[in-house]
Amino acid sequence: KVGRMYGATATPDMFVINKDGVLVYSGAIDDDPAGAKDNPTNYVDAALQSTLNGSAVAVASTRAYGCSIKYETKGK
């Protein structure tokens, strides 16, 4: 129910919500789907730090990667 509400498409699909209940980031944890980078950009950490510092989140949305979520269809 919550995944559908936020539009989650993959696991993991990350969401950062500020203290006012506003969604400020959604998408991938980082920019390294293959796990090959020595120092990937961690989008979630950046969004959390910006939110805690009271500044705008620079990258508010990215494409989540991982296993796709298979939602149950209604009526089943």
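Fair warning: this is a prediction, and the values are worked out from it, not measured in the lab.
- Inter-residue side-chain proximity for Ser68 and Thr9 is flagged as unmet; no heavy-atom pair is nearer than 4.5 Å.
- Both Leu23 and Val2 are assigned to one and the same hydrophobic cluster, defined by single-linkage of ILVMFWY side chains at heavy-atom distances under 4.5 Å.
- Applying the salt bridge (Lys or Arg N to Asp or Glu O under 4.0 Å) rule to Asp45 yields no partners; only residues at least two apart in sequence or on another chain are considered.
- Pairs passing the salt bridge (Lys or Arg N to Asp or Glu O under 4.0 Å) check and including a residue from residues 24-41, sequence neighbours excluded, read Asp31-Lys37.
- Cluster membership for Val59 and Val44, using ILVMFWY side-chain heavy atoms within less than 4.5 angstrom, is shared.
- Ala10 and Ala64 get closest at one heavy-atom pair: CB-CB, 4.2 Å.
- Think of Tyr71 as one node in a network of Ile, Leu, Val, Met, Phe, Trp and Tyr side chains linked at under 4.5 Å; its network also takes in Ile69.
- Residue pairs that meet the ring-ring contact (aromatic ring centres under 6.0 Å, His included) test with at least one member in residues 6-34, sequence neighbours left out, are Tyr6-Phe15.
- Not counting sequence neighbours, the partners of Thr51 by the side-chain contact (heavy atoms from CB on, under 4.5 Å) test are Val16, Asn18, Val24, Val57.
- A search for side-chain contact (heavy atoms from CB on, under 4.5 Å) contacts involving Ser61 returns Ser26, not counting sequence neighbours.
- To the nearest 0.5 angstrom, Thr41 atom OG1 is 13.5 Å from Ile29 atom CD1.
- Note that CE of Met14 is 8.5 Å distant from CG of Asn42, once rounded to the nearest 0.5 Å.
- Within 6.0 Å of the CG atom in Asn39, the count of heavy atoms belonging to other residues, nucleotides or ligands does not exceed 12.
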